There are 2 protein chains.
Amino acid sequence: MREFSRSLPMSLLRAREAVMRQFRPSLRNHGLTEQQWRILRALTAVETIEVTELARTAFLLGPSLSRILRDLEARQLVERKTAEADQRRAVVSISAKGLKLIEAVAPTSEAIYAEITRRFGARRLSELQDMLAALEQGLADMEGADRDDGEE
Amino acid sequence: MREFSRSLPMSLLRAREAVMRQFRPSLRNHGLTEQQWRILRALTAVETIEVTELARTAFLLGPSLSRILRDLEARQLVERKTAEADQRRAVVSISAKGLKLIEAVAPTSEAIYAEITRRFGARRLSELQDMLAALEQGLADMEGADRDDGEE
DNA sequence: GGAAGATGATTAACATGTTAAGTGTTTTTG
DNA sequence: CAAAAACACTTAACATGTTAATCATCTTCC
């Protein structure tokens with residue numbers, strides 16, 4: 001079998017961890033987790049957004065997002081209200097306090113990202129991202145066959 | 001600020017999720033999580049291994065590994081005993097039952113990996129892994145500066 | 001228009017990620 | 001050699017990942 005530590009999932013996991021390790025201390029200094037930061041960042045790009053769409057954008061599962069939104073709302077970093085047309089849906093937006101927090105974290109975050117880009121090379125980084133997108137795209141329709149025993 | 005969904009961390013996260021989504025159903029059919037599988041796989045490459053070294057190999061934090069080893073030991077998939085020379089250390093090995101489980105999962109796992117390789121291209125996959133390793137390597141010594149306010 | 005089904009969101013339950021604290025053991029060092 | 005420091009591992013506490021179940025609302029369809 002393939003040398004385990006050289007498998008694609010492990011390579012991706014280690015690379016991502018190497019990157020995130022750079023950002024976590026700064027986020028932590030501002031009382032934010034990586035996922036909370038993703039949500040706030042996603043909210044800055046829109047006026048309002050529905051929860052389901054936010055989950056897709058921030059790449060979080062529904063249950064995780066539910067919990068985090070509850071906390072962010074309690075900390076008054078985001079605002080939430082139910083849609084008028086459809087009482088099932090909730091629309092979320094970032095608050096003034098949330099925006100201020102973003103502005104406080106952004107400079108450090110940008111500096112770290114710039115340093116990563118400098119070390120790896122902007123062109124190479126772009127190539128890497130293209131390959132990652134192609135990989136994701138290539139597997140998009142591969143779900144179907146749950147190829148295994150013990151299946152109903 | 002950079003379009004959030006195109007950031008490197010998000011690209012890595014999405015790519016990894018696209019890959020792991022292929023494997024999870026099969027592992028699940030055998031009652032294994034991704035992390036448990038990593039540990040068993042790492043154990044097949046050695047006779048015995050100390051816990052700290054296993055954490056490094058399987059890329060898990062100590063506390064996670066502690067919990068998982070407790071469960072795997074209870075399920076008799078691994079064996080553990082304290083080292084004679086140093087009572088602090090524990091050495092872990094995979095059991096016969098664990099090996100049998102590996103053998104049951106491996107064919108499906110290999111088939112999935114082969115399909116991913118086929119779709120993306122073996123050469124391209126190799127290039128991607130090289131880039132990921134270079135990225136990881138390039139950031140290895142970048143920790144130092146916790147560049148941010150609110151720091152002691 | 002009302003029951004059945006679909007949909008958006010939350011809750012539940014369990015596993016892992018993450019940091020800090022705790023517990024023995026071993027090594028260092030004065 | 002005994003106290004202090006270092007070390008290997010575990011436990012604790014809280015946040016998120018993951019799947020299943022639940023709840024309320026909305027849509028379909030007879």
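Every chain is numbered from 1, with letters handed out A, B, ... down the list of sequences. Worth saying up front: this structure is predicted, and the values here are computed from it rather than measured.
- Using a cut-off of 4.0 Å between Lys/Arg side-chain N and Asp/Glu carboxylate O, B:Lys97 and B:Glu79 are scored as not salt-bridged.
- In this structure, the CG atom of B:Leu27 is 15 Å from the C1' atom of D:dG17, given to the nearest Å.
- When the P atom of C:dT19 is taken as reference, atom CG of A:Asn29 falls 12 Å away, rounded to whole Å.
- Closest to the B:Arg70 side chain, of the nucleotides D:dT19, D:dT11, D:dT16, is D:dT11.
- In terms of heavy atoms, A:Gln36 sits closest to A:Gly31 at OE1-O, 3.7 Å.
- Comparing A:Ala85 and A:Ser64, the nucleotide of DNA chain D nearest to each residue sits closer to the 5' end for A:Ser64.
- Taking atom CG of B:Leu65 as the reference point, atom C1' of D:dT11 lies 14 Å away to the nearest angstrom.
- Here the side chain of A:Thr117 pairs a donor or acceptor atom with the backbone of A:Tyr113 at under 3.5 angstrom.
- Not one side-chain nitrogen or oxygen of A:Gln87 sits closer than 4.0 Å to the OP1 or OP2 atom of C:dA9.
- Mapping B:Ile68 and A:Val51 onto DNA chain C by nearest heavy atom places A:Val51 at the nucleotide closer to the 5' end.
- Between B:Trp37 atom CH2 and D:dT18 atom P the separation is 18 Å, expressed in whole Å.
- Rounded to whole Å, the distance from CE on A:Met20 to P on C:dG17 is 15 Å.
- Taking side-chain N and O atoms only, A:Arg80 has a distance below 4.0 Å to OP1 or OP2 of C:dT10.
- Between the CG atom of A:Leu60 and the C1' atom of C:dG8 there is a distance of 17 Å, given to the nearest Å.
- Here B:Gln36 reaches the OP1 or OP2 of C:dT16: one of its side-chain N or O atoms lies under 4.0 Å away.
- B:Thr33 comes within contact range of the sugar-phosphate backbone alone, with a heavy-atom separation under 4.0 Å but no base atom that close.
- In this structure, A:Arg88 places its CZ atom 8 Å from C1' of D:dT27, rounding to the nearest Å.
- Comparing B:Glu50 and B:Arg24 by the nucleotide of DNA chain D whose heavy atom lies nearest to each, the residue mapping closer to the 5' end is B:Glu50.
- Within the 4.5 Å cutoff, the side chain of B:Val46 has no heavy atoms near those of the B:Leu54 side chain.
- A residue-by-residue look at A:Arg89 and A:Arg67 shows that A:Arg89 has its nearest nucleotide of DNA chain C further toward the 5' end.
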side-chain contact (heavy atoms from CB on, under 4.5 Å) assessment of B:Leu43 paired with B:Ile39: CA-CA 6 Å; B:Leu43 288 178; B:Ile39 291 173; 4.1 Å; yes

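- For the pair B:Leu61 CG and D:dA13 P, the computed distance is 19 Å after rounding to whole Å.
- The side chain of B:Ser66 places an N or O atom within less than 4.0 Å of a non-bridging phosphate oxygen (OP1 or OP2) of D:dT10.
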